[in-house]
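The structure under discussion appears below in the form of structure tokens.
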Amino acid sequence: MKTWLRDLPKVELHLHIEGSLEPELMFTLAERNGVSLPYATVDEARAAYDFKDLQSFLDLYYQGMGVLHTEQDFFDLAMDYFSRAAAEGVVHVELSFDPQAHMSRGVALSVPFAGLERAMREAENRWDMTSALIMSFLRDRSADEAMAVLEQAAPYHAQIAAVGLDSAELGNPPSKFAAVFERAKALGLPRVAHAGEEGPATYILEALDVLDVCRIDHGVACLQDEALVARLRDVQMPLTVCPLSNVRLKVVETMTAHPLPAMLDKGLKVTINSDDPAYFGGGVLDNFIACADAFDWDRETFKALAANAIDVAFMPEPRRAELQQRLASG
Ligand code: HPA
Ligand code: ZN
């Protein structure tokens, strides 16, 4: 099953590129840029990745990305992830990044855009891996700041597939960003948002009704509200679920307790993703394998999940048809 899952053409829709920073590269970049780390060794860093909730993870996630300074750093970060993803059978990835977390450290907005864009082109040349970029806003910072970043990013709007919303969810409802997302919509930019990870089902409703998103990142809290589940099912709203992340951030207790099987039973448009692979115990293949171990799903179920991701990805139609064909004939 593991070899079969590796060879399955997988599309990853929920991946924070800063969360793909493995401790090995963190140490390399820390040395390159003269940044001091709170860990003496790679093993010590990994041992610190023991989270009690989303915020305890975010604290280390923002600290870790402090080693990223130059365009080359962002290129190296993305290439490190792409090379692992290629070996895992990932054929298309939608990577999100957090410009505010870099700008607040004095890194110009142009720097991540240039480094990530160069890596995306290189991944396509090297591995035929296509990709799309999502510019995410930090919901625990002000809406005014997000609006300013959106406007400042005007030279790059053609480079992004969508805008997103991430970081600390509780107390930062989607409605806080109504004006920002309205502006993004007016600019013709598709919208996605984290909702219903630690936050309640009402945040998912707000993401739909106020932000007019075309997919929900996580969304596992939808099960608190049967009417919402029916609505998500009826419109086949994509949910980018990240099972290992949910376990590591204590959104669920164990993999076997994860609501993914219930979500599938209810007819929801579910996809499987890694979120922050360097921090949560593996990439998209590891997430598929964890599901195989926990749920005993057959090949048809995994194929349906992989097909869902291809269906809703930001990609040109000929590429979508090619990947669906590859999946069907595998
Ligand atoms: N949730 C919210 N924000 C994030 C995450 C996450 O899992 N990873 C990186 N930013
Ligand atoms: Zn996420």
Side-chain angles (χ1 to χ4, degrees), residues 11-22 26 49-66 68 74 77-78 81 85 93-105 112 116 132-141 146 149 161-174 176-177 191-200 203-204 206-207 211 213 215-222 238-252 258 260 270-284 286-287 290 309:
V11 161
E12 164 127 88
L13 301 176
H14 183 161
L15 179 272
H16 303 266
I17 196 64
E18 299 94 337
S20 76
L21 176 62
E22 293 290 343
M26 190 194 297
Y49 297 170
D50 181 20
F51 310 115
K52 69 177 188 342
D53 55 16
L54 174 57
Q55 187 61 56
S56 63
F57 153 70
L58 290 169
D59 292 343
L60 296 197
Y61 167 80
Y62 292 123
Q63 181 180 73
M65 69 175 79
L68 299 165
F74 283 91
L77 169 71
Y81 164 75
V93 56
E94 312 210 325
L95 54 153
S96 132
F97 78 112
D98 293 324
Q100 289 157 281
H102 309 303
M103 295 164 82
S104 62
R105 302 183 287 111
L116 297 176
L133 192 59
I134 298 173
M135 183 175 83
S136 288
F137 302 114
L138 301 183
R139 68 197 312 154
D140 47 358
R141 302 179 72 101
V149 171
V163 296
L165 187 64
D166 63 7
S167 203
E169 187 179 14
L170 284 169
N172 296 294
K176 177 177 166 185
F177 295 90
R191 296 152 310 283
V192 303
H194 284 53
E197 180 186 17
E198 277 192 345
Y203 284 21
I204 301 175
E206 277 191 16
L211 306 186
V213 296
R215 67 190 190 215
I216 299 281
D217 291 317
H218 293 294
V220 288
C222 72
L239 306 175
T240 64
V241 178
C242 308
L244 287 176
S245 163
N246 293 155
V247 173
R248 293 294 284 266
L249 298 187
K250 313 255 186 313
V251 169
V252 300
H258 198 282
L260 260 169
V270 171
T271 66
I272 291 181
N273 308 271
S274 74
D275 211 5
D276 299 278
Y279 292 91
F280 299 152
V284 72
D286 296 294
N287 276 271

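Not measured: the values here are computed from a predicted model. Ligands are counted one by one from 1 in listed order, and the atoms in each one are counted from 1 as well.
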Practice problem: May I ask you to decide if Leu211's main-chain N or O and Arg191's side chain share a donor-acceptor pair within less than 3.5 Å? | Solution: yes
Within 4.0 Å of some non-hydrogen atom of Asp166, the atoms of ligand 1 are 3 (N), 10 (N)
Short version for His218: what comes under 4.0 Å of ligand 1, heavy atoms counted, is side chain
query = Within the structure, does Ser245 bring an N/O atom to less than 3.5 angstrom of an N/O atom in ligand 1?
reply = no
Honestly, for Asp98 the part within reach of ligand 1 (heavy atoms, under 4.0 Å) is neither
Taking only non-hydrogen atoms of Leu54 and a 4.0 Å limit, the atoms of ligand 1 in range are 1 (N), 2 (C), 6 (C)
So the atoms of ligand 1 within less than 4.0 Å of a heavy atom of Glu197 turn out to be 1 (N), 2 (C), 6 (C), 7 (O)
Among the N/O/S atoms of Asp275, the Zn ion (ligand 2) lies closest to OD1
Query raised in the report: Any N/O/S atom, backbone or side chain, of Cys242 lying under 2.8 Å from the Zn ion (ligand 2)?
Result: no
Counting backbone and side chain alike, does His218 bring an N/O/S atom below 2.8 Å of the Zn ion (ligand 2)?
no
Ligand 1 to Phe57, heavy atom cutoff 4.0 Å, flagged ligand atoms 5 (C), 8 (N), 9 (C)
- Item | Ring center gap for His102 and Phe97 short of 6.0 angstrom | no
**Study point:** Modelled atom types, side-chain donor and acceptor of Asp59 and Gln63, under 3.5 Å
**Key:** no
*So, the side chain of Lys52 versus the backbone of Lys250: is there a donor-acceptor pair under 3.5 Å, distance only?*
no
